[in-house]
Protein chains: 2
Amino acid sequence: MKQMEEKIFREFLEKKGCKLTKERAAILSEVFSKHGHFDPEDLFFKIRAKGMKASRASIYRTLQLLLECGLVEQVERVDKHAHYEHIFGHKHHDHLICLKCGKVIQLFSEKLSKLQEQLCKKENFRCVSHTFEMKGYCEKCRAR
Amino acid sequence: MKQMEEKIFREFLEKKGCKLTKERAAILSEVFSKHGHFDPEDLFFKIRAKGMKASRASIYRTLQLLLECGLVEQVERVDKHAHYEHIFGHKHHDHLICLKCGKVIQLFSEKLSKLQEQLCKKENFRCVSHTFEMKGYCEKCRAR
DNA sequence: TTTATATTGAGATTGATTCTCAATTACAAT
DNA sequence: ATTGTAATTGAGAATCAATCTCAATATAAA
């Protein structure tokens, strides 16, 4: 089960005529090292901190590939720069984002999934991905 | 009915101890001159083209104010820069986006609004904006 | 080994957005 | 009207994430 994502990534790359280099492997491993959001700059430093290396350019390039093959998802921009999260092995979820403290609350809703299906059916639309995010103030922050 | 948005904006500004200057009025008027998405750079040139003036700085500052008072909504970033649409006088809607032909289907769902409220209540979250978009294939395009 | 192709990284570049701050404006109080 | 006070403006500088450039390097096949 472990390293399943590496297998998926390698196969995806091969199909494209690309290779799983040590930089790409380092990025992949860091991305999957724990669950949660991250941004490219994060990755850059964490990879260094672990004694591996990858340039910013490679990080941006590799994230693009990871999006393409569906191992990573782009989260809506919270402030000014992009955030990502890996999705392989995790149930899809949506987000509540606090505008004050930046906290991201994950949301799992069966009802929402059902509703989505209904809405698509009505329009005869085949959905391949969706984004649902609410911005506002979390419990703590709304109490001023 | 016309210029209703100006009344709303002025009252909002007054409450903040701010004024409806001619620059702010020019921006407001341009924003409401037609329906559809726009970006700050657009505004900058269109305002000039109409013989009015406002600096980029003022445009960005004023858009912030318009977001604050709810007259304008930020649309999810399509490419790299922010897009907006004015919402006063228009029902909120979500989008289905066809990946093949680019068609954007507007979506109005009472159920979705209700569900949103429920979800926020559960987390004690005060929602100020949301994004819900599904990407996939529209009726025509899914038939290959 | 030779050849061809993919990949990398340092640094430059881009471009949207934000910031700075001196000059200007609006308006209330005298 | 004049003065004082606070809000506002704009030109250009600064910021900073993201992208691009391109020579050097790695990889794999012939």
Side-chain angles (χ1 to χ4, degrees), chain A residues 6 9-31 37-69 72 74-85 99 102, chain B residues 6 9-31 37-48 50-69 72 74-84:
Chain A
E6 191 170 310
F9 194 35
R10 171 176 286 119
E11 278 166 11
F12 166 79
L13 289 171
E14 265 162 22
K15 213 170 283 174
K16 277 183 79 105
C18 300
K19 292 146 199 161
L20 182 57
T21 62
K22 63 183 189 310
E23 286 83 2
R24 287 178 182 157
I27 293 165
L28 181 71
S29 126
E30 184 54 36
V31 163
H37 293 188
F38 61 88
D39 61 50
E41 203 66 6
D42 273 353
L43 274 186
F44 180 69
F45 289 112
K46 294 224 182 95
I47 284 171
R48 249 162 217 249
K50 295 198 179 169
M52 303 182 287
K53 266 190 88 181
S55 69
R56 267 175 254 262
S58 290
I59 285 171
Y60 281 103
R61 284 184 295 229
T62 303
L63 279 174
Q64 202 48 51
L65 292 168
L66 289 169
L67 284 179
E68 254 179 70
C69 71
V72 164
Q74 183 158 6
V75 181
E76 209 197 333
R77 301 173 185 226
V78 185
D79 15 61
K80 60 200 80 195
H81 60 296
H83 287 247
Y84 300 83
E85 66 183 339
L99 295 168
Chain B
E6 190 170 309
F9 194 34
R10 171 176 286 117
E11 278 166 10
F12 165 80
L13 289 171
E14 264 161 23
K15 214 170 283 173
K16 276 184 80 107
C18 300
K19 292 145 198 162
L20 183 57
T21 62
K22 63 184 190 308
E23 286 83 1
R24 286 177 182 157
I27 293 164
L28 181 71
S29 127
E30 184 54 37
V31 163
H37 293 189
F38 61 88
D39 61 52
E41 202 66 7
D42 273 351
L43 275 186
F44 180 69
F45 289 111
K46 294 224 182 93
I47 285 171
R48 248 159 218 249
K50 294 196 178 169
M52 303 181 287
K53 265 191 90 181
S55 68
R56 266 175 254 262
S58 289
I59 286 172
Y60 281 101
R61 283 184 295 231
T62 303
L63 280 174
Q64 203 49 51
L65 292 168
L66 289 169
L67 284 179
E68 254 179 71
C69 71
V72 163
Q74 184 157 7
V75 181
E76 206 197 335
R77 300 178 184 223
V78 185
D79 15 60
K80 61 199 77 196
H81 59 297
H83 288 247
Y84 300 83

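Proteins come first, then strands; the chains are lettered A, B, ... in the order of their sequence lines, and each starts at number 1. Heavy-atom basis, side chains included; hydrogens, waters and symmetry copies ignored.
- Between A/L43 and A/T62, the closest side-chain pair of non-hydrogen atoms is not below 4.5 Å.
- B/K53 has a side-chain polar atom (N or O) that falls below the 4.0 Å cut-off from OP1 or OP2 of D/dA11.
- A 4.5 Å side-chain heavy-atom check between A/S29 and A/M52 finds at least one atom pair inside the cut-off.
- Rounding to whole angstrom units, CG of residue A/L28 and C1' of C/dT7 are separated by 17 Å.
- Following rounding to the nearest Å, B/K15 (NZ) and D/dA7 (P) show an atom-to-atom distance of 18 Å.
- Atom pair B/Y60:OH and D/dT15:P shows a separation of 18 Å (rounding to whole Å applied).
- Among the atoms of the strands shown, base atoms are found under 4.0 Å from some heavy atom of B/R61.
- For D/dG10, one of the phosphate oxygens OP1 or OP2 lies less than 4.0 angstrom from a side-chain nitrogen or oxygen of B/S58.
- Nearest-nucleotide mapping onto DNA chain D: of B/E23 and A/Q64, the residue sitting toward the 5' end is B/E23.
- Within the 4.0 angstrom heavy-atom criterion, no nucleotide atom of any strand lies near A/R56.
- Looking at A/F9 and A/R24, their side chains come closer than 4.5 Å, going by heavy atoms from C-beta outward.
- Atom CG in B/L20 sits about 12 Å away from atom P in C/dA26, given to the nearest Å.
- Look at B/T21 and you'll find a side-chain N or O under 4.0 angstrom from OP1 or OP2 of D/dT9.
- Side-chain atoms of B/A57 lie closest to D/dA11 of the nucleotides D/dA11, D/dC20, D/dT8.
- When every heavy atom of A/A54 is checked against every heavy atom of A/I47, the shortest pair comes out as N-CG2, 4.1 Å.
- In this structure, CZ of A/F44 is placed 13 Å from C1' of D/dA17, rounded to the nearest angstrom.
- The NZ-P distance, from B/K22 to D/dT8, rounds to 13 Å in whole Å.
- For B/R24, the side-chain atoms get nearest to D/dT9 when compared with the rest of D/dT9, C/dT17, D/dA11.
- When the C1' atom of C/dA16 is taken as reference, atom CD1 of B/I59 falls 13 Å away, rounded to whole Å.
- In this entry the distance linking CD of A/E41 with P of D/dC16 reads 11 Å, nearest Å.
- When side chains are defined from C-beta on, B/L28 does not count as touching B/V31, because their heavy atoms never get closer than 4.5 Å.
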